[in-house]
Amino acid sequence: MLPLVSLTIFTPLVGALLIAFVPRDRPQLTRWVAFATTLVTLGWSLVMLAGFSTSASGFQFTEDVPWIPFFGIRYQVGVDGISLILIVLTTLLTAISVLASFRPIQDRVKEYMITFLVLEIGMVGVFAALDLFLFYVFWEVVLVPMYLIIGIWGGANRIYATIKFMLYTLVGSLLMLVGILATAFEYHASTGVWSFAYQDLAGFHFSPALQVFAFVTFFLAFAIKVPMFPFHTWLPDAHVEAPTAGSVILAGVLLKLGGYGFIRYSLPLYPDAAHTFAPAIIALSVIAIIYGAVVAVVQPDFKKLVAYSSVSHMGFVTLGIFVFQSQAMQGAVFQMVNHGLITGALFLCVGVIYERTHDRRFANLGGLAGRLPLYATTLGFFMLASAGLPGLSGFVGEFLVLIGTFAVAPLVAGIAAIVMVLGATYLFYMFQQVVFVDLSDFLKGLGDHLHDMAPIEIATLVPLAALVLLLGLFPAPVLDMIQGPVSGVLDHVSHGVALGFLP
Amino acid sequence: MNAGDVTAILPLAATWGLAFLVILVDVIVPGRDRLASGIATLGALVVMGITAAVATQVPQQAFGGAYVLDQLTVLLDLLFLSIAVLTLLYAPDYLRPRRLPLAEFSATLLFAISGAMLVSAARDLLVLFLGLELLVLPGYLLAGFAKRDGLSTEGAIKYFLLGSFSSAVFLFGLAYVWGVTGTTNVSGVSSALQAVAAGHPLSPGLAMGLAFLMSGVAFKVAAVPFHYWTPDAYQGSPTPVTGYLSVGPKVAAFALILRLFVGALAPVKADWVAAVVILAALTMTLGNLVALTQTNVKRMLAYSSIAHTGYILVGLAAYAGAAPGSEAEARGLQGILIYAVAYTFMNLGAFAVVAALQRRPGVTSDLQTFAGLGRRAPLAGLLMTLFLISLTGIPPTAGFFAKAYVILAAIQAGGIVAWLAVLAVLNAAAAAFYYLRVVVYMYMREAPEAAPPVARGFELQAGLAIAAVATIVIGLFPNSLIAIAEAAAKALL
Amino acid sequence: MSNQLLVLALLALPLAGFALTAAFGRLLMPRAWLIAVPAVILAWAVGMVLVYRTLSGQLGDGFAFTLYTWIPAGSFRVDVNFAVDNLTAALLIVVTTIGMLVHVYSIGYMAHDPGKWRFFAYLNFFMFSMLLLVLAGNYLLLFMAWELVGLSSYLLIGFWYQRRSAALAAKKAFLVNRVGDVGFSIGIWALWTTVGSLNFSDVFRVIPEKLAAGQLQPWMVTGIVLLLFCGAVGKSAQFPLHVWLPDAMEGPTPVSALIHAATMVNAGVYMVARSSPLFSLSSSAMVVVAAIGIFTALLAASIAFTQTDIKRVLAYSTLSQLGYMFAALGVGAYAAAIFHLMTHGFFKGLLFLDSGSVIHGVHDEQDMNRMGGLWRKMPITHATMLVGSLAIAGIPPLAGFFSKDEILGASFRNGFYVVWLIGVVVAGMTAFYMFRLMGKTFYGPSHVDPDVHPHEAPPSMTVPLILLAIPAALLGLAIGWPPEAGLVHRWLDPIFAPAEQTLGLHPEAFQVFGIDGVLVLVSVTLATAGLIVAVRLFGVRLPGRDVEPRPTIVEAGTARLRPLYVASYHKWWFDDVYHGLFFVIGGAVAQGAWWFDSHIIDGVVNGVGAVTTLAGRELRRIQTGRVQNYALGIALGLLVMAAGFLVATTR
Amino acid sequence: MSHSLDAYLILSALLFCVGMFGFLARRNAIAMLMSIELMLNAVNLTIVAFGAFVPALTVHASAIALMVISVAAGEATVGLAIVIAIFRNRRTPLVDEYDRMRE
């Protein structure tokens, strides 16, 4: 049988090497090679999806090769429903992002495409890794390409944004390294065996002190990535400065790494600590949900608004994870997928406008419905999806999170529900400012530059729209996939008890 | 001296021989600099081969046990020789345009390396001191190698004065330890101290000895607050020399620490662990903080090397803080070794890129020199990025693995040392700022109009390739390195 | 065709119409209606078949079926399932019939609009959503449809998006609805948490069981139904969420007729009626429903008195009539509520289409102060509007009379005397403001711009008017006679029997010569009084009798009642208060949050960086460049080290 | 360990301190070099004292002292070379004027 997971992870590497040999004066060839690579990668992940069995428990398509035997570190990869769906999301969004970069990226195309493909390796690797050490390696691999993408191909204030992004996430992840090593060491100390394998560590009963320490370090890494309030301020800056495709990946995949980490590692490994900190994390999530939306309402910049909406939407993910309730956690996973699709698409929409106007301020936009009807429709569609319109995928995730939360903490769900209004407020405001009323004078001045979406732009958005609609009406296949793993995680968590020494 | 002695000292003797050969060549055919340096390079490679060959039968002794060739010696010798090879490969591109004598450089370097090799093999306090002096004296000369350059000589004299001062301090401490224990033999000292360690507090004499030794060694590894010489000496020296200075004497000083503190002073390690912990914390923090605002890349790398000293000291702290005989003890030593190896390649690689940029005389090592490098010389930019990423400690590079190893050791040691690990990673995060600032300049700023083209000689390219490959390979496949380090640590315990 | 297929066809036709028109509508221009209108006519036919099968009793209690499982998440499971019963059928009559007529009317009304393909696409989408709402078999699917009709409403209100006011009104409508939907959603979550299912049949079975078994506290049931009611308040524009509906008149008039009068705004009434088994479990919740309803009726009527925009007057009258329906639901007169829903749907749809015809005739002028004397120029419009006005005023034997009087009668009989009293007063007020409207528009002196030449609408518009006038006039008689025992009761009483049983209500025969007759007399008298006063003040022109308007008396009257007039004219300042509360204060809070974000939170982040850099900059200074200083530093280090070791030895 | 050994040790320590003080106090590179020689001689004195008073160390002591002397000579050579080099560049032996590199 083919090592499908490894193929998915490392096909981009092959593509990157190929691109390295494409002459510098052939940018179009470079682009197509990159796109073809991402398509092949997407293909591999789809093959996995086709061969995935929702009824089987545990991980599938596993590969296991010793890597650093001294410490029991293994190249161990495999997928369960949660990771597979996120891998497919990653490969899809990467392909779309590469396509979306065809026109906007004209400078250093070769470097850009290589960077992007390396980024894909890291992202897929994080989701596929079943060894904590391997996970960490992939986790960090993601960092540098993103740093370069924002820093080299980003906007005017990119250096500030990129350094902030890098340092902020690095602080979290390096502390997580300490947590990982401490975890493995305690396992070694009590069993005499070195292992970083997820299957060994999950469910192993670690001491309270270690659980608290490691949980906190993991939490920092994941909370910064998600990003949770109050660790979110790198996000608006990074988004505003990133090129469109960078924003798509940042919002679509990178933020998911945090949520995935919580589900895959924080909960099963440290159930006691998870129970201890859950109330605080739930509180932070609810604050993020409301606060992100409130701040989004007054953003004067299209992209910043979408960035803050991410803070709000990702709050649902962390909320759903930490109420330890089946529907809520399924909703959280589903919400991760949705957010990837919808916010990714919204950033593409921002990009479409930015490409024509080089401006994203609402003050200068307006009235696009008349000149760019197709664009207006697309934007409206994703706006509604983001607002959680039933029938589109955004609704399913949010609804499941909230109904699950309600079952265990009605008040929390009730407070979070306010976002239904707040979310609609900023989204409809945004839509009104961009699409409605008469064409602004600024836009009139652009003349023929202001044309409706080009075929390539349509090609990037249509698959996302189709998926958003499809998942909204038929979420069952995805929910079936994540149900098993979620109950596995909850099973681990259910053995945890809140530790006494913290309030 | 018998036949066994000969094989034991073969690597060292060969290095000496090579140094003399280079001088001879220079004398016989003066002006044939390339020939001399070529001989030196190839010769060093041959010596590496010899070392690897004799490594099959270890441990061996010579001079009545004062000199030992064990796993640790082999590992360190190979590392020192690699440093020699790489430095020799980088040097021509920098020295020749400046009309600095390459043959002399090669010979001096080889002598210094032989000193380092002597340190790594010494099982006698006196030999240790001799090795140390043999290491540093050529180092002073190398620092001032560009003798018409004010900065070079300024760095050299600072290095020399402070270095000699610290040598005296070190020697003073050595005298006391010798006086108290009554022997210069490392194992003799160790067994003599075994009695002392049994519950009694240290005698004042031994305490003075330890304090002076610790200070002397701290100077050699450039630990805060004994680090002052580093930035000036590094900045002033010709760039290939800076590269050498940042790794050669530092790794040799750690070899000294291994032989002296781990070999001889281990029984009283409970008494010096606190000093190491404090030194480690101060060193990495100050090194990183000051590096944050540097605008000269060489000087920045000098401070960064101070910070890396701090990380390596975490390994030592892990060793010292761990219970005797525990696994953590060995882990700490392995951490020191693995970090030293990783650091050698990534740091030399970074300096090689700086040297390459400075091929044309008059080009400074200011950050501005790096502006737009990613466009002007994509490969150089890429490699510099790789080395900087490794220095930051981001996988999949050698720097990451080494850092993880040291941190693991600290965690295994537990207690206060474990918190040192936390401090280390926070420092690493701060360090990312200044390392990545170079990346910012290379990729996110445009080159000035008159930026000179970047050209590299064959040797430099080969050297860069070696450093880059090592940086990646150690990061991805560290197994053999771990095995070697494990064996070396075992030889020490 | 099987019943299931009928239901699916009913949904599929407008959906297909929407999809095709959205995709190819621009190619069809200028006949963009070519797909949309036939689709809806077909849907009407299908709907009628379904209605006939249901109401004729062929299907017994109706039928339900599941299409597929929508959201399966462990123990949470929601299907896409449909349920059809007599209540559904009653709604289907209104929705499909008025929907079809409005579609036809729009052909003429929107004839010159360049974007009309969008209009027809949206209208079809609305039809789909509204039918889904009526057919849904569980709360979540109902909620989905609920949001989709809200979306169609948003799109259609904002149809003329170039107008800032339209864009704002559309947004306002959606957001205000969302406020109610928050409560609705929480109610749905609570239902699932208590029942474990969201199907109507399960919910209505389990909740009473659990309540009876003591597993559920009464306050919980009250809470749940009030949360559900929040949704109804939003969608049906009841106080305090009524502010969106008048603004919604920014949309094209057919939209106002269809969505904001005849169908969508009734969704709240439908939902509460559908949930009657739950509402009846909590008498306190019922009181709340009745109170909100009748208060809205009064409030809206009081505002309608002074508005000059023809469509706004109708909008407030819609609010008022919806208030009646909720009052009916609150007092336990479910069938009467649905009865009024049906009659109101027809006569209010008619009135709006008439107003559209008027607006069309005077070239998009909506201010009644700039109309007048149109009765002769627009005879069909005038005649049909008169029918509608009489119907809403509750003049027998027109439709409104029957339904309104059933509500008032039931309130009285069920003991809600305050509701009855206010209801009767509002009936009089309704007659007054409707004939004020008639007078200002049709009878008084013409204030029409001299350049504008009012004209009657084309047949595509007038035919639907006539077709609507017939049920507006006769529907009450057709299904509401005899009182309390008409067809509508035969259809709906079985549906509401469980709720009425819970409430302990027993259907009583209508006593013409008893209390019921007196009540009818009182309300008709008041309505007539209102009508006559209005006619006296604003004039009327009937064959054989002309009454001249008397503006001086009107002015004198408003001067005397100035505070009331001002309050009514400013709509009791609800919009201003909300603007201050949510826009000004809320905006300030949001700005504050942003400031907090960028200065405090990010300030801390940047501060940490700045402090670190500053520390580095200061620490640099110890590197003075002078060997002496270095040596001193080293010596000090040595000293500290030696001292440390020595101190350690003494311990 | 006898008291007279302590006396010698104290003496040599004092000598070491004098050398150190000289190193810290003088600005002339040559004088600093001389101070270092003084420090090394103080070490030598320590060694010789140990050798004189501790019988087991007698043989070693002289060997070590000789070695230190030769190392000191080597150091002085290198040091002078460097001092000359910088004197050529800067025309001053005063080390506190060598501060072009700082911070």
Side-chain angles (χ1 to χ4, degrees), chain A residues 164 167-168 229-230 232-234 236-237 291 294-299 308 326-327 330-331 334 367 369-370 373 377 380 384 387 389-391 395-396 399-400 402-407 410 413-414 417-418 420-421 424-425 428-429 431-432 435-438 473-476 479-480 483 486-487, chain C residues 22 26 68-76 80 115 118 140-141 143-148 150-151 154-155 158 161-164 166-168 170-171 174-179 181-183 185-186 188-190 192-193 582 586-587 589-591 593-594 596-598 600-602 604-606 609:
Chain A
K164 191 167 170 182
L167 292 184
Y168 217 140
F229 176 90
H232 64 279
T233 51
W234 63 269
D237 289 318
Y291 177 89
V294 167
V295 177
V297 168
V298 287
Q299 293 307 312
Y308 274 107
S326 172
Q327 278 76 34
Q330 290 191 51
F334 202 86
T377 311
L384 292 168
L389 189 80
F395 172 73
V396 181
F399 184 81
L400 283 175
L402 286 171
I403 203 166
T405 307
F406 187 87
I418 298 171
M420 284 177 64
V421 178
T425 305
F428 280 77
Y429 165 78
F431 193 60
Q432 169 198 316
V435 164
F436 285 161
V437 198
D438 273 328
L473 293 176
F474 307 100
L479 289 171
D480 286 347
Q483 166 138 31
V486 162
S487 55
Chain C
R26 237 187 310 189
Y68 68 95
T69 302
W70 181 19
I71 307 179
S75 55
F76 178 84
V80 172
R118 278 192 303 127
L140 200 62
L141 196 60
F143 182 73
M144 170 167 160
W146 191 268
E147 295 285 294
L148 291 184
L151 168 64
Y154 168 79
L155 292 171
Y161 57 82
Q162 299 90 337
R163 292 213 307 248
R164 189 167 185 79
L168 290 176
K171 190 176 71 174
F174 198 92
L175 293 184
V176 174
N177 265 297
R178 270 266 159 148
V179 174
D181 293 349
V182 169
S185 324
I186 299 177
I188 292 175
W189 308 337
W192 179 74
T193 333
F582 299 112
V589 168
Q591 287 286 356
W594 189 26
F596 178 78
D597 202 62
S598 48
I600 305 296
I601 297 184
D602 211 23
V604 169
V605 174
N606 287 333

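Excluded from the calculations below are hydrogen atoms, water molecules and symmetry mates; all remaining heavy atoms, backbone and side chain alike, are included. Below, chain A is the first sequence line, B the second, and so on; all start at residue 1. Bear in mind that the values here come from a model prediction, so they are computed numbers and not experimental data.
Looking at A/Leu384, the atoms closer than 4.5 Å to chain C (heavy atoms on both sides) all sit in the side chain, from C-beta outward. In this structure, no portion of A/Pro410 lies under 4.5 Å from any heavy atom of chain C. In this structure, chain A has no heavy atom under 4.5 Å from any part of C/Ala145. Heavy atoms closer than 4.5 Å to chain A are found in the side chain of C/Leu151, but not in its backbone. With a 4.5 angstrom heavy-atom cutoff, C/Asn606 touches chain A only via side-chain atoms.
Between chain A and the residues C/Val604, C/Asp597, C/Val179, C/Ile601, the largest count of heavy-atom pairs under 4.5 Å involves C/Asp597. Ranked by non-hydrogen atom pairs under 4.5 Å with chain A, the options C/Val182, C/Val605, C/Asp602 are led by C/Asp602. Contacts with chain C were tallied for A/Ser487, A/Ala413, A/Pro236, A/Gly380; A/Ala413 has the most, counting heavy-atom pairs under 4.5 Å. Looking only at heavy-atom pairs under 4.5 Å with chain C, the residue among A/Ile418, A/Val486, A/Val298 that has the most is A/Val298. When each of A/Gly370, A/Gly404, A/Gly367 is scored by its heavy-atom pairs under 4.5 Å with chain C, the top score falls to A/Gly370.
Looking at residues two or more places apart in sequence or on another chain, you find no side-chain hydrogen bond (donor to acceptor under 3.5 Å, both in side chains) involving A/Asp480.
In terms of heavy atoms, A/Thr425 sits closest to C/Leu175 at N-CD2, 3.5 Å. Here the closest non-hydrogen pair linking C/Leu148 and A/Leu389 is CD2-CD2, 3.7 Å. In terms of heavy-atom proximity, A/Gly391 sits nearest to C/Trp70 at N-CZ2, 4.2 Å. Closest approach of C/Ala593 and A/Val295 over heavy atoms only: CB-CG2, 3.8 Å. A/Val435 approaches C/Tyr161 most closely through the heavy-atom pair O-CD1, 4.2 Å. The shortest non-hydrogen separation linking A/Tyr429 to C/Lys171 is N-CD, 3.9 Å.
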List the steps and the verdict of side-chain contact (heavy atoms from CB on, under 4.5 Å) for A/Phe395 and C/Glu147.
CA-CA 11 Å; A/Phe395 172 73; C/Glu147 295 285 294; over 6 Å; no
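Side chain of C/Arg178 to backbone of A/Met420: a donor-acceptor contact under 3.5 angstrom is found.
Note that the CZ atom of A/Phe406 and the OG atom of C/Ser185 stand 11.0 Å from one another [nearest 0.5 Å]. Interatomic distance, C/Arg118 CZ to A/Thr377 OG1, rounded to the nearest 0.5 Å: 8.5 Å. Distance check, rounded to the nearest 0.5 Å: CD of A/Gln330 to CZ of C/Phe76 gives 10.5 Å. A distance of 8.5 Å separates CD1 in C/Ile71 from CD1 in A/Ile403, rounded to the nearest 0.5 Å.
Inter-residue side-chain proximity for A/Phe399 and C/Leu140 is flagged as met; some heavy-atom pair is nearer than 4.5 Å.
Ring orientation note: the planes of C/Phe596 and A/Tyr291 are nearly perpendicular, at an angle over 60° on the 30°/60° scale.
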